[in-house]
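These notes are about the structure you will find just below.
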Amino acid sequence: MVIKYFSWIKEHLGKSEEHIVLPNHITNVDQLIDYLNQMDKKYHLILKKKEIIKVAVNKTYSSFDANISNDDEIAFFPPVTGG
Amino acid sequence: MVIKYFSWIKEHLGKSEEHIVLPNHITNVDQLIDYLNQMDKKYHLILKKKEIIKVAVNKTYSSFDANISNDDEIAFFPPVTGG
Amino acid sequence: MNKSSSIIKIKIQNEDFDVSEEIKVLYQNNTGAVVNFVGIVRDYDEKNKQIINSMTLEHYPGMTETEIEKIIIESFDRWELTGVTVIHRIGNLKPFDQIVFVGVSSKHRQNAFDGCNFIMDWLKTKAPFWKFEEYNNQKNWVSFNESDNQALEKWKN
Amino acid sequence: MNKSSSIIKIKIQNEDFDVSEEIKVLYQNNTGAVVNFVGIVRDYDEKNKQIINSMTLEHYPGMTETEIEKIIIESFDRWELTGVTVIHRIGNLKPFDQIVFVGVSSKHRQNAFDGCNFIMDWLKTKAPFWKFEEYNNQKNWVSFNESDNQALEKWKN
């Protein structure tokens, strides 16, 4: 699985992208965040700012309870500020 | 007094502008139109199309009962179609 | 920051205009958004079902500029704008030629959208321009479109 | 008259764009009106009261184009449009640089105004771009503006 981070999430984590092998028991985005938090508390930022952080699954806006699999590309990013 | 005509009014009358000396008893636009009609029935067009024709006195939209004097510039024109 | 004064530019001309150049005039302090409208000569008259060869625009010199200025001043009263440019061509034009440019700049985009839309609606109903279209052997004065009067309704408050 | 097919153009690029060239792409059969929006880099951050030295935009390649395409398709569903072009720059920009171009053409001007306004409002809330401003020794990620969410209300029907 590819996970991408943008803007200040990327800067906080110190990486724009990582590749992980998704354990079988992780089936949605919320579980993925918990899993990441267990590895490194830097990911607490995503939980802490969950009210505003957006998630995309395969480049489409998704909810945090969306089902995911090891073939998916997940992205976490702040509200957009283009234009 | 200068009187200006635009668009199809100009074409119908065969002139874009004329200079007349306004008789003393003519004090508003309606009276001016009657006066012109007495001289030449070509001006009937202005009466006939009065519902849509616009009048300007000194380059400002005016009503047909607006007071006018010999120093004024009067214009008759159809609804505008620019832009 | 010194707040620069507002830009107002009105031109009635035979020549074409360059949109890139015109909008750059509007890039100044406190501006973040520029909205502009460009009207172009249609290639087909739907009402009369005719291919248009050319179009000719005449106007009332002096009154045109004054009426456009009134509309622009009204737009500055209604919205916080930083600049407005109106350029209207006259004379003979061909299909796809540019006829009119209305460019409006503002700090915030909705003001620029509304100001530009407002100016176009009023220009269509108040600025003394008249145009005729030329078909093969015909000349047809374009008639006023009642929908342009209806368009003004949205600015009544 | 053969009705030509609609133009849709989406570009994400570092380079500047030329508005005159871009709007000319939209001059085609059945078009009478082109409305376009240009966003430019501000020279002053009002919230933090800082003169802006530069601004940097990043985006999510692939998702950006898809989201913009969805917005454009929605605009064609809502209004009778003949063409839409969206160009958004990324990378480092200076005050008064052009950031974004949204050009919309239509037979009738109100459709072009509404289509352009709609696309900008949705782009502001959905297209995955993020920008930070640089002051003298600071870097500040611009935060989302709640008024951009409110702007969407006018498109609910």
Side-chain angles (χ1 to χ4, degrees), chain C residues 1-4 16-24 26-46 49-52 82 95-105 107-110 112-114 116-118 120-121 123-124 145 147-148 150-151 154, chain D residues 1-4 16-24 26-46 49-52 82 95-105 107-110 112-114 116-118 120-121 123-124 145 147-148 150-151 154:
Chain C
M1 298 301 295
N2 62 323
K3 188 172 178 178
S4 62
D16 197 12
F17 48 82
D18 183 87
V19 174
S20 295
E21 279 175 32
E22 295 305 332
I23 64 170
K24 266 162 197 161
L26 299 165
Y27 296 175
Q28 53 165 335
N29 289 350
N30 287 304
T31 293
V34 178
V35 170
N36 64 262
F37 176 91
V38 180
I40 61 173
V41 180
R42 291 202 181 84
D43 53 341
Y44 189 67
D45 177 344
E46 288 193 0
K49 302 205 188 308
Q50 294 281 351
I51 292 169
I52 295 165
T82 55
F96 304 116
D97 277 353
Q98 303 183 131
I99 308 171
V100 60
F101 172 88
V102 176
V104 175
S105 61
K107 207 184 300 183
H108 300 295
R109 73 181 180 284
Q110 196 57 47
F113 271 112
D114 290 342
C116 188
N117 197 341
F118 173 86
M120 270 311 299
D121 283 348
L123 191 147
K124 277 273 183 186
N145 200 333
S147 66
D148 286 325
Q150 287 155 15
K154 63 180 172 293
Chain D
M1 296 302 295
N2 61 323
K3 189 171 178 180
S4 62
D16 197 11
F17 47 82
D18 184 85
V19 174
S20 295
E21 279 175 32
E22 295 305 331
I23 65 171
K24 268 163 196 161
L26 298 166
Y27 295 176
Q28 52 164 335
N29 288 350
N30 287 303
T31 293
V34 179
V35 171
N36 64 262
F37 176 92
V38 180
I40 61 174
V41 180
R42 291 202 181 83
D43 53 342
Y44 189 67
D45 176 346
E46 290 193 358
K49 302 206 189 308
Q50 293 282 349
I51 292 170
I52 295 166
T82 55
F96 305 116
D97 278 353
Q98 304 182 130
I99 309 172
V100 60
F101 172 87
V102 176
V104 175
S105 61
K107 207 184 300 184
H108 300 294
R109 72 181 180 285
Q110 196 56 47
F113 271 113
D114 290 343
C116 188
N117 197 339
F118 173 87
M120 270 311 298
D121 283 348
L123 191 146
K124 277 273 183 186
N145 201 333
S147 66
D148 286 325
Q150 287 154 16
K154 64 180 173 295

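Chain letters run A, B, ... following the sequence lines, proteins first and then strands; every chain starts at 1. Worth saying up front: this structure is predicted, and the values here are computed from it rather than measured. Hydrogens, waters and symmetry mates play no part in the numbers below; they use all other heavy atoms, side chains included.
Chain D forms the most heavy-atom pairs under 4.5 Å with one residue out of N36(C), T31(C), V102(C), and that residue is N36(C). Chain C forms the most heavy-atom pairs under 4.5 Å with one residue out of V38(D), V19(D), V35(D), and that residue is V38(D). Looking only at heavy-atom pairs under 4.5 Å with chain C, the residue among A112(D), C116(D), A151(D) that has the most is C116(D).
At least one donor-acceptor pair closer than 3.5 Å links the side chain of S20(D) to the backbone N or O of S20(C). In this structure, R109(D) contributes its side chain and N117(C) its backbone to no donor-acceptor pair below 3.5 Å.
For a residue to count as touching a neighbouring chain, one of its non-hydrogen atoms must lie under 4.5 Å from one of that chain's; by this rule K124(D) touches chain C with the side chain only. Neither the backbone nor the side chain of E22(C) comes within contact range of chain D, judged by heavy atoms closer than 4.5 Å.
The nearest pair of heavy atoms linking R42(C) to K107(D) is NH2-O, 2.5 Å.
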Next item on the list: Show the numbers, then the answer: is there a side-chain hydrogen bond (donor to acceptor under 3.5 Å, both in side chains) between Q110(C) and K154(D)?
Entry: CA-CA 11 Å; Q110(C) 196 57 47; K154(D) 64 180 173 295; 3.1 Å; yes

Item checked: Chi angles and distances behind the side-chain contact (heavy atoms from CB on, under 4.5 Å) call for N145(D), H108(C) -> CA-CA 12 Å; N145(D) 201 333; H108(C) 300 295; 5.9 Å; no

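Aromatic ring centroids of F113(C) and F37(D) lie under 6.0 Å apart.
Among V41(D), I40(D), D43(D), the single residue meeting the side chain to side chain contact (heavy atoms under 4.5 Å, CB included) criterion with Y27(C) is I40(D).
Put simply, the side chain of V34(C) does not reach to within 4.5 Å of the side chain of Q98(D), judged on heavy atoms.
The line from OH of Y44(D) to CG of N30(C) is 9.5 Å long, rounded to the nearest 0.5 Å.
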